[in-house]
Trainee: 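Supplied in structure tokens, the structure appears directly below.
Throughout, protein chains are lettered first and strands after them, A, B, ... in sequence-line order, and every chain is numbered starting at 1.
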Number of protein chains: 2
Amino acid sequence: MPEKMMKTIEVDEELYRYIASNTRHIGESASDILRRLLKLESQKTEPSAEPAPAGVQGEGVRRMLDAGTLAAQDSAIERFMTILSVLYRDNPAAFAQASDIKGRKRIYFADSEAALLAAGNTTKPRAIDGSPYWVITNTNTGRKRNIVTQLMAAMGYAHGLIERVSQSI
Amino acid sequence: MPEKMMKTIEVDEELYRYIASNTRHIGESASDILRRLLKLESQKTEPSAEPAPAGVQGEGVRRMLDAGTLAAQDSAIERFMTILSVLYRDNPAAFAQASDIKGRKRIYFADSEAALLAAGNTTKPRAIDGSPYWVITNTNTGRKRNIVTQLMAAMGYAHGLIERVSQSI
DNA sequence: GACGGGATCGCCGGGATAATTA
DNA sequence: TCTAATTATCCCGGCGATCCCG
């Protein structure tokens, strides 16, 4: 198989083993494995609007909750950003649909910092890790919970899970 | 970060750019970035390695305290450096895990002087005796205590001991 | 980059609370 | 006008690094 343009990176041994252990089929390349683990669209495939199978929705979110990833963060903003990042990966298409929630004047999500800055004063936008989106950040904790609640509801998560997540901020 | 055993893997160019674009700070390695990206959902993430048998952990540290080694030093910096050196020897692996603590802009530990210099102005790095690490030194005493406290907590030491040590700076 | 130590003070991020608007 | 929702000002605590002092 003729290689596409390949780049070489170094990873420590433990990480290497972790990646290797996630091989799904013989001969699978590091790129393919990583793409799956990172939940990136596989090469070429267009944004495929197919929402993840309902059974799967929430997997990553529960894992985040159970792993104590959130408890380890020490500010509401960090927890907020982590949650959004996980939500995006859990279902990019649904996230895209749901992300048009907004307030009276401000818009909460956008694909650029400028868009958020333009819709309010001092909104303090931040990039959502591993996604093309940005969020507004200059809000009290109550509103952060709110935003997550609205977003998850629009993405179709179950009430119980929504509650757990937003309370964990 | 210390020179762990490194493995080389190949990734396609798009994936490479994706990884690079998630760099959080200058000089961050591919391993570190990937670990962060994967951690959010990697099912195997045991929340950090076990902090060595409790019985052993702290031996060297107590000895240092009791021997009055610290009291003999006449500057906070000297005491600070001595403590770090002892901590490293007490448990190099835990130290490695814990040493990624950082401030708003500066990183506190690195395996080279250059890395510390690159992340701030006039950080006055110093090599930690008997280890491959360097620390930042241009801080007030309060922050030195702070750094030691955070480091020891991340290494898994008991609160009481942490308190004794950081107060002795 | 060469004096070293580190207190002091300026700056910034987090986010509660005050202000504003529907 | 009164209340509820939303905005964004602004205070506080933490961090950085200049600059003073021995």
Trainee: Return the 5'-most residue of the pair Leu117(B), Arg126(B) with respect to DNA chain C, ranking by each residue's nearest nucleotide.
Mentor: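 Looking at DNA chain C, the more 5' nearest nucleotide goes with Leu117(B).
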Trainee: When you measure from the side chain of Arg79(B) to the backbone of Gln73(B), do you find a donor-acceptor pair of N or O atoms at a distance under 3.5 Å?
Mentor: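 Answer holds: yes.
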Trainee: Has the side chain of Asn138(A) got a donor or acceptor atom sitting under 3.5 Å from an opposite partner on the base of dT9(D)?
Mentor: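 Present.
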Trainee: Measure the shortest side-chain to side-chain distance between Arg143(B) and Tyr108(B) over non-hydrogen atoms and say whether it is less than 4.5 angstrom.
Mentor: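 Yes; the side chains approach each other to less than 4.5 Å.
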Trainee: Along DNA chain C, 5' to 3', what are the outermost nucleotides having an atom less than 4.0 Å from a heavy atom of chain B?
Mentor: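 On DNA chain C, the outermost contacted nucleotides are dG1(C) to dG13(C).
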Trainee: Knowing that exactly one of Val165(B), Val61(B), Ile128(B) qualifies, which makes a side-chain contact (heavy atoms from CB on, under 4.5 Å) with Leu87(B)?
Mentor: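 Single pass found, and it is Val61(B).
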Trainee: Does any part of the side chain of Arg35(A), heavy atoms only, come nearer than 4.5 Å to the side chain of Asp12(B), both counted from C-beta?
Mentor: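 SC-SC contact between Asp12(B) and Arg35(A) confirmed.
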Trainee: Between Thr139(A) and Gly142(B), just flag the one whose closest nucleotide in DNA chain C comes earlier from the 5' side.
Mentor: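 It is Gly142(B) whose nearest nucleotide is closer to the 5' end.
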Trainee: Write down the protein N/O and nucleotide N/O pairs, taken from nucleotides 12-16 of chain D, whose separation is under 3.5 Å; answer none if there are no such pairs.
Mentor:
from	atom 1	to	atom 2	distance (Å)
dG14(D)	N2	Arg104(B)	NH1	3.1
dC15(D)	OP2	Arg143(B)	NH1	3.0
dC15(D)	OP2	Arg143(B)	NH2	2.6
dC15(D)	O5'	Arg143(B)	NH2	3.4
dC15(D)	O3'	Arg104(B)	N	2.9
dG16(D)	OP1	Arg104(B)	N	2.9
dG16(D)	OP1	Lys105(B)	N	2.9
dG16(D)	OP1	Arg106(B)	N	2.8
dG16(D)	OP2	Tyr108(B)	OH	2.8

Trainee: Please name the pair of heavy atoms, one in Lys102(A) and one in Ile107(A), separated by the smallest distance, quoted to 0.1 Å.
Mentor: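 It is CB-CA, 3.8 Å.
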Trainee: Using distance alone, with no hydrogens and no angle criterion, decide if Thr149(A) and Arg145(A) have a side-chain donor and acceptor under 3.5 Å apart.
Mentor: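 Thr149(A) vs Arg145(A): no donor-acceptor pair found between side chains.
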Trainee: Under the side-chain contact (heavy atoms from CB on, under 4.5 Å) test against Leu151(A), which residue among Tyr157(A), Phe95(A), Tyr88(A) passes?
Mentor: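 The option that passes is Phe95(A).
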Trainee: Quick one: do the Arg89(A) and Ser85(A) side chains pair a donor with an acceptor below 3.5 Å?
Mentor: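 Result is yes, a qualifying pair exists.
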Trainee: Of the residues in residues 70-86 of chain B, which ones touch DNA chain C at a heavy-atom distance under 4.0 Å?
Mentor: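 Under 4.0 Å from DNA chain C: Ser75(B), Ala76(B), Ile77(B).
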Trainee: Atom CD of residue position Gln97(A) - does it have more than 12 heavy atoms of other residues, nucleotides or ligands inside 6.0 Å?
Mentor: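 Counting neighbours around CD of Gln97(A), 12 or fewer heavy atoms of other residues, nucleotides or ligands fall under 6.0 Å, so no.
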Trainee: Are the ring centres of Tyr133(B) and Phe109(B) closer than 6.0 Å?
Mentor: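 No, ring centres 6.0 Å or more apart.
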